[in-house]
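Notes follow once the structure below has been shown.
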Amino acid sequence: MDTVSLVAGHCGRGRGVEDGRFEFRSNSYFGKGFLASELLNGSFRRAVWYQSNALKGSGYECGRRFSVVAKVKKGKKHDYPWPDNIDPNIKDGYLTYLSHFKPLDEKPKPVTLPFEKPLVDLEKKIIEVCRMADETDLDFTDQIGALETKYQQALKDLYTHLTPIQRLAIARHPNRPTALDHILKITEKWVELHGDRAGYDDPAMITGIGTMDGKSYMFIGQQKGRNTKESIFRNFAMPTPHGYRKALRMMKYADHHGLPIITLVDTPGAYADLKSEELGQGEAIAHNLRTMFGLKVPIVTVVVGEGGSGGALAIACPNKLLMLENSVLYVASPEACAAILWKSSKAAPKAAEKLRITAQEHYKRRIADGIIPEPLGGAHADPVWTSQQIRLAITEAMDELTKMDKEELLRHRMLKFRSIGGFQEGKPVEPERKRNMKPSDASILNAADIESDLEKLKKNILEAKVPSDPITDQAIEKLKQDVDKEVTRAFISMGLQEKLESLKLELSRASDNQTLNHNLKAKADKLMQEFKQNLSRPGAYLGLKQKLEKLSMVSRLVELKEKGEKLKSEINRKIPSEIKAKLQQLENAQANLSKGDLLDEDLVAEAVEAKKELIEVLKSANFEIVGVAKRKAANAAPELQEKIVSVQKEIDGEIERVVNVTGLHGKIEELKAEMAKDSSSPKVEQLQTEIKEGVCAALDDTELKQKVENLRREFASSSEVDINDKVTAENSRW
């Protein structure tokens with residue numbers, strides 16, 4: 001291809017030319033385009049002759065000379081779209097001049113993922129030991145072998161226990177084989193086809209015809225870049241509407257010619273810029289989805305990397321869906337999901353686990369029909385082996401599908417997608433409940449947990465020695481904050497948030513005008529009535545209801561505690577000092593009694609007298625005496641407790657001895673059997689009477705009765721001094 005450049009100008013002034021013609025010179029030494037120079041000379045000679053005649057006719061003579069210099073250059077030779085010499089006898093490989101995809105000049109740099117750092121440390125140790133062996137000429141074979149064994153074991157342990165977010169990182173690995181890498185390794189012949197026949201060819205979507213085992217297939221896939229330059233050219237594998245229409249054209253072409261379709265999915269999603277939306281991105285994807293379900297040829301899809309949302313599904317409505325071991329398929333990326341639900345992309349690992357994006361989860365839920373294994377380290381560790389595994393899986397699936405006729409293929413594809421997911425019949429659903437937002441699981445507390453928290457708060461409130469306990473106040477404040485958050489969420493869920501904000505704004509602007517305040521009160525009452533009506537629906541806002549009940553109970557307890565403390569202080573002010581002194585003596589006697597001291601009869605009389613005086617004082621202070629409550633007895637003295645246990649053992653031992661001597665075991669067993677049948681039968685009562693009479697007749701209970709009577713007197717005397725008919729202001733009970 002020759003190019004010509006021209007240089008024109010005047011060479012001087014006053015240099016006459018008799019016939020007034022321009023002078024033209026061709027500088028052929030600028031290039032080898034002799035033919036172009038000659039054509040240019042002829043054209044300019046004719047142009048100069050016409051110009052000279054025109055000047056002569058006008059009587060104007062020009063003394064200027066006009067010089068034209070022509071430069072002919074040879075164009076740069078390239079092999080796209082067609083080379084100069086095409087081999088007519090080509091039988092294998094692919095036509096490279098029909099594709100932008102070329103081998104990389106440089107090998108891609110290794111990339112280490114964050115969770116692979118332990119493996120990198122082992123690699124560095126192996127390299128260091130090998131370097132030492134080379135430098136010192138010593139034998140480190142055993143050490144190197146041990147390190148390599150350790151490395152392989154660590155690699156196996158790591159890649160057999162990958163988390164969903166780690167598999168996502170592998171699927172996005174920069175060196176992971178792309179769709180064209182796999183196609184060129186699994187096909188014998190490959191021709192890439194371009195264009196959507198509407199004026200554009202999207203590089204992010206590749207299509208073409210390839211052969212495997214002598215059979216032709218239509219390949220469609222999303223192509224990622226292998227470096228920054230390619231990634232920009234391929235738009236990071238995010239197709240535009242032109243790409244999906246290009247894929248649609250090839251699907252129709254394959255359906256017309258009876259070519260089975262193989263699609264390779266590897267995209268983060270469809271390109272979502274303004275231009276793509278203007279060109280109909282959603283329509284293009286929807287058109288592909290509708291068309292794929294009507295294609296009468298077998299379709300096999302392989303997810304080789306990541307498959308994002310509708311951008312992946314637009315070429316993934318197959319009869320068989322296969323996924324590489326470390327590939328992922330999701331409706332929204334974990335980062336986007338975490339930003340929506342948890343307001344931070346740092347929660348992406350949690351989102352990845354909840355989204356069930358891995359091949360194993362999809363296979364478990366019958367979305368994927370098979371998992372293609374990858375080598376340890378990911379597909380980029382051994383791309384050739386991975387591609388061969390893909391080829392084997394595709395061939396096996398195609399062998400099964402090609403045996404079906406067209407109607408069976410369509411039904412097979414329909415049933416595959418109809419079987420995904422599940423539904424439940426026979427369970428009534430409230431229409432309003434169905435429309436409302438699902439309540440947060442965090443807000444629905446377990447009833448046992450609520451009861452436990454409530455009991456703890458009750459105990460803390462009642463046992464507090466001071467009116468205000470910091471721990472209790474903190475717990476109550478936290479409960480109030482939780483209730484406020486739940487109420488706000490409930491207002492939003494009920495659609496009352498705007499009314500609430502409007503009411504708050506009016507309240508902030510309100511003056512002392514009584515009419516305005518009355519109107520605001522009416523609005524507030526109406527809003528609260530609507531809120532309570534929605535809240536009272538059965539099964540709705542359970543977490544909020546539970547917390548409101550808990551807060552109401554705690555508030556009542558706090559109120560009662562405050563009233564009790566106030567009443568206690570008022571009573572203590574009105575009780576004379578003499579009665580307080582007697583009460584103090586009574587407290588001291590109680591403490592001495594618990595240590596085992598003897599009972600003072602005079603103190604008992606003083607306690608009874610103090611009780612009467614206290615009642616009279618309370619009546620004179622206008623307190624109504626409802627009743628006199630007995631406090632629970634304090635712990636008995638240690639010696640008394642030991643005596644009780646000892647006597648109980650003696651009684652049990654004596655009864656066991658009597659049963660053995662009198663032979664009552666048979667009747668006892670018979671009584672157990674009758675009670676198991678019917679505990680209210682007359683025979684049960686008869687057997688019980690006989691056993692009691694037999695035990696009492698053979699039992700020498702004189703000594704035991706004496707011991708029990710002594711214990712009863714000791715316990716009664718201790719409890720009488722301690723609490724019997726004692727009036728106290730400690731817990732405000734009268």
Side-chain angles (χ1 to χ4, degrees), residues 101-128 130-131 147-148 150-185 203-204 221-238 264-269 302-308 312 323-330 333-336 345-346 348-349 352 357-359 372-387 389-390:
F101 192 79
K102 303 294 187 296
L104 290 175
D105 298 332
E106 298 180 0
K107 188 177 180 180
K109 296 179 180 180
V111 177
T112 303
L113 299 174
F115 66 89
E116 293 178 326
K117 289 182 179 179
L119 300 177
V120 175
D121 296 337
L122 286 173
E123 284 182 353
K124 289 181 178 178
K125 289 181 181 179
I126 295 173
I127 294 172
E128 182 65 22
C130 292
R131 185 184 61 80
L147 286 173
E148 289 179 346
K150 187 177 180 181
Y151 175 83
Q152 292 297 328
Q153 185 62 37
L155 181 67
K156 184 178 180 181
D157 293 341
L158 181 62
Y159 274 84
T160 51
H161 301 89
L162 291 172
T163 62
I165 197 67
Q166 290 173 345
R167 292 192 186 275
L168 177 63
I170 298 173
R172 293 174 175 174
H173 198 285
N175 298 337
R176 191 172 179 85
T178 63
L180 278 174
D181 288 321
H182 290 303
I183 290 173
L184 296 179
K185 289 181 177 67
Q222 288 132 345
Q223 177 66 19
K224 283 188 175 181
R226 297 167 293 178
N227 50 40
T228 305
K229 185 178 179 180
E230 278 194 14
S231 295
I232 295 172
F233 173 70
R234 301 286 182 180
N235 198 27
F236 299 90
M238 293 185 290
L264 304 178
V265 175
D266 189 12
T267 177
V302 181
V303 183
V304 297
E306 60 175 331
M323 296 182 69
L324 284 178
E325 184 179 354
N326 294 317
S327 62
V328 293
L329 190 62
Y330 49 76
S333 67
E335 293 82 2
S345 60
K346 293 182 180 179
I357 63 176
T358 62
I372 303 174
E374 293 185 27
L376 292 177
H380 54 279
D382 193 347
V384 176
W385 187 85
T386 305
S387 298
Q389 295 301 313
I390 293 175

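These figures come from a predicted structure and were not determined experimentally. Residues take their numbers from the sequence shown, with the count starting at 1.
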Do you know the tightest heavy-atom contact between [X] and [Y]?
{"X": "Ser327", "Y": "Ala171", "value": "CA-CB, 4.3 Å"}
{"X": "Val265", "Y": "Ala312", "value": "CG1-CB, 3.5 Å"}
{"X": "His173", "Y": "Val111", "value": "NE2-O, 3.1 Å"}
{"X": "Leu376", "Y": "Tyr159", "value": "CD2-CB, 3.9 Å"}
{"X": "Leu324", "Y": "Thr386", "value": "CD2-CG2, 4.0 Å"}
{"X": "Ser333", "Y": "Arg172", "value": "CB-NH2, 4.0 Å"}

Which distance, rounded to the nearest 0.5 Å, do you find between the [atom1] of [X] and the [atom2] of [Y]?
{"X": "Leu162", "Y": "Ile170", "atom1": "CG", "atom2": "CD1", "value": "4.5 Å"}
{"X": "Lys224", "Y": "Asn227", "atom1": "NZ", "atom2": "CG", "value": "14.0 Å"}
{"X": "Glu335", "Y": "Lys346", "atom1": "CD", "atom2": "NZ", "value": "14.0 Å"}
{"X": "Lys117", "Y": "Asp121", "atom1": "NZ", "atom2": "CG", "value": "9.5 Å"}
{"X": "Glu148", "Y": "Leu155", "atom1": "CD", "atom2": "CG", "value": "12.5 Å"}
{"X": "Glu116", "Y": "Gln166", "atom1": "CD", "atom2": "CD", "value": "9.0 Å"}

Do the side chains of [Y] and [X] get nearer than 4.5 Å, heavy atoms only?
{"X": "Thr163", "Y": "Pro349", "value": "no"}
{"X": "Phe233", "Y": "Gln223", "value": "no"}
{"X": "Phe101", "Y": "Pro203", "value": "no"}

Exam field: side chain Arg234 to backbone Arg226, donor-acceptor pair closer than 3.5 Å: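 Between the backbone of Arg226 and the side chain of Arg234 there is no qualifying donor-acceptor contact (under 3.5 Å).
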
Candidate pair Lys124 and Ile127, rule side chain to side chain contact (heavy atoms under 4.5 Å, CB included), full reasoning: CA-CA 5 Å; Lys124 289 181 178 178; Ile127 294 172; 5.7 Å; no

The single option from Leu264, Asn235, Thr267 passing side chain to side chain contact (heavy atoms under 4.5 Å, CB included) against Gln222: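 Result: among Leu264, Asn235, Thr267, Thr267 is the only option passing the side chain to side chain contact (heavy atoms under 4.5 Å, CB included) with Gln222.
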
Partners meeting ring pair (Phe, Tyr, Trp, His ring centres under 6.0 Å) with Phe115 (sequence neighbours left out):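 For Phe115 there are no ring pair (Phe, Tyr, Trp, His ring centres under 6.0 Å) partners, ignoring immediate neighbours.
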
Step-by-step side chain to side chain contact (heavy atoms under 4.5 Å, CB included) determination, Glu306 to Asp266: CA-CA 5 Å; Glu306 60 175 331; Asp266 189 12; 4.2 Å; yes

Electrostatic pair Glu374-Arg167, nearest N-O below 4.0 angstrom: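 So Glu374 does not pair with Arg167 through a salt bridge.
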
Lys185 NZ: over 12 foreign heavy atoms closer than 6.0 Å: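 Count over threshold, so yes.
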
